[in-house]
Amino acid sequence: NEYKSYLRMPTLICLDTSLSLQRKVGQETLISMSLKALAVLIENILNTDPYELIEIATISDMYSTIIEGTYQKSELIESLTRVKQGDRTNHGLLMKRCYEQCSQWNILTATHIILITDKIPPPLKEPLPAFPLGCHISLAALVPRSNAATSFPQFLSSCKLKGKLYPGPAVGLESVERIFENILLDNYSKYEGKLYCGHQFTSISLHPVPRLSELREMGTSPPQTFPTSLHIHGFLGVSELGNPPYLSRHLVSPAVSAATPSRTTAKVPDLRVLLNEVLRSQDGHVAIISIGNGWFATLTSYLPKSEKNGKKSNLVLSVMAPQSFTWLGNIEFLGLRRLLKEGSQVNIPLKRPFPNSYDNKLGPGMVWVKISTLKQSAQKVIRYAKRLPDKSPNLFLKELNKVRKSVLHYGFSDMLEVLCKLLEREINNANKEILEKCIAQMRTETDPLKIIKI
C-alpha cells in the first residue's frame, strides 16, 4: 500500500479462539457465528471507506497475526478460513501486542481495536504505556446482556484506553450480527462534501474521515463539525508557506455518488484533476482552505516515493492547528499582491533569515531523526578513537564533545554509558591515557556546556 506510511487509517480486529468459543449454541459454535458475522462486517467497513486498513489477529494463549493491514476485501475474507483453535485467553499478552501494533503508527493515529470474545477481560496486572491519541476499543461480548460484568471500566482504566462494550441481548447468530451492526454505525461513516474553487466545484470524499473529537482531547478548540463545503481561499507558494505542522491528513477522492461514467469521461472537466495538475507544477503551490473557528487546511499534491514517473499523484488535505502560519500573520487577511497600491510594500510576508536549530552547518547541534543517523555519529567517534594517537587528538575531542553535548541536551543519558563502553573496547597501550581520561570525565561531568579535555 503506497499510502500506508503517509495516510494512516488502521483497524485491528482481534478474535478470541479459546476453547470456550467452541461451545455450541443451537447448530453452530460461537466461533463459527463470529466468523460469519465478521465477514459481513469487513465487507461493510470497506464499502463505507475503501481505504480503511484492516489487520486481523487471533488471541488465545498465543497472539497470531492472520493477515497484516490491507484493504483488499477478498484477501481479508479469505484469511478468516485460516483461523485455528487455541487454548485459553491471555488478555495481558493481547493488550501488549495491541499496544505494539498501535505504536507503529504516529501518535495522532486513531487505531480502532475490535475485540471479539465471550468474556469480559479483567483489569491488567502490569500497567502499559499510554496508547497513541484517539485509540479506542470496541468489545463485542458474546454473552447475554445480563451476564456482562461491570469490570469493563476497570479494564479500560488499566489499559489507559477509551472504549465501549457491545453485549448481545442473547447468544445467537442474529445477536452477533446486531453487535457488529452497532459497531459499524458507531465507528465507521462516510464523509462526502463539495470542494469549491470560485464558481467551480466537485463532489469529494475524505479518507480517513476527519474526527474532530480526537483533536479536542489535545486541548484545542476545533469546529463543532467538519464542514461539508470546502472553499479554497487562495494559493501560496511552497517557499512562502514553509512546512507548518499538521494534525491529520486525508486523501481526497471522488465521492461515490460522483464516480459515475458520466462524470469520469474525458469530456467532462473535473476540478479535482485540474487542481492536482496545478499544485504539482514545478513552481510548487498549495491551496488554503478555511474549515471554521480560525482553523485552516492546506490542499497539496502528494506523489508516493514508489511512483517514479510522477503520473499517479493525489490530492491530500492537511488539517492545521490555529496559528500554524505565524510567519504569515493573520491568514484571513491574505490577499492578491496586484491589489496593493503603487509604492506599497510588496515583499510580504516578511520572513527573517534565521538558522534552523537542527542545522549542522550553522551550529554544533546534531539531529537524530533516524536510528541510522545516531549510529553514524557514534561510529565516527569510534573511528577517530582507533586512530589515536597517530591522528591528532583534537579531531577526536571535537567530535566527542559534539556528540556528548547533543546527548545531554536531548536527555539520552543511557547513550553516554553506551559510548563509554564502546570506547573502553578500543583502549590499547598507545591511546590508554587519552581514552581513560575522556571516559572518566564523561561519567562524572553532566554539564553539557563544559567540554572534555585531556
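The figures here come from the full heavy-atom set of this structure, side chains too, leaving out hydrogens, waters and symmetry mates. The structure displayed is predicted, hence computed values, not measured ones.
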Can a side-chain donor-acceptor contact be found between [Y] and [X] if the only test is distance below 3.5 angstrom?
X    : Y    : answer
S60  : S18  : no
N47  : K73  : yes
H231 : S290 : no
Y166 : D186 : yes
T11  : E52  : yes

Can you give me the closest heavy-atom contact between [X] and [Y], atom names plus distance?
X    : Y    : result
A140 : F180 : CB-CE2, 3.8 Å
S34  : I116 : OG-CG2, 4.0 Å
L76  : S79  : O-OG, 2.5 Å
Y191 : T228 : OH-CA, 3.5 Å
L251 : L315 : CD1-O, 3.7 Å
S205 : P254 : OG-O, 3.4 Å

Can you tell whether the side chains of [X] and [Y] come within less than 4.0 Å, N to carboxylate O?
X    : Y    : result
R383 : E399 : no
K36  : E177 : no
R178 : E181 : no

Value rounded to 0.5 Å, distance of OG in S20 from CG in L30
7.5 Å
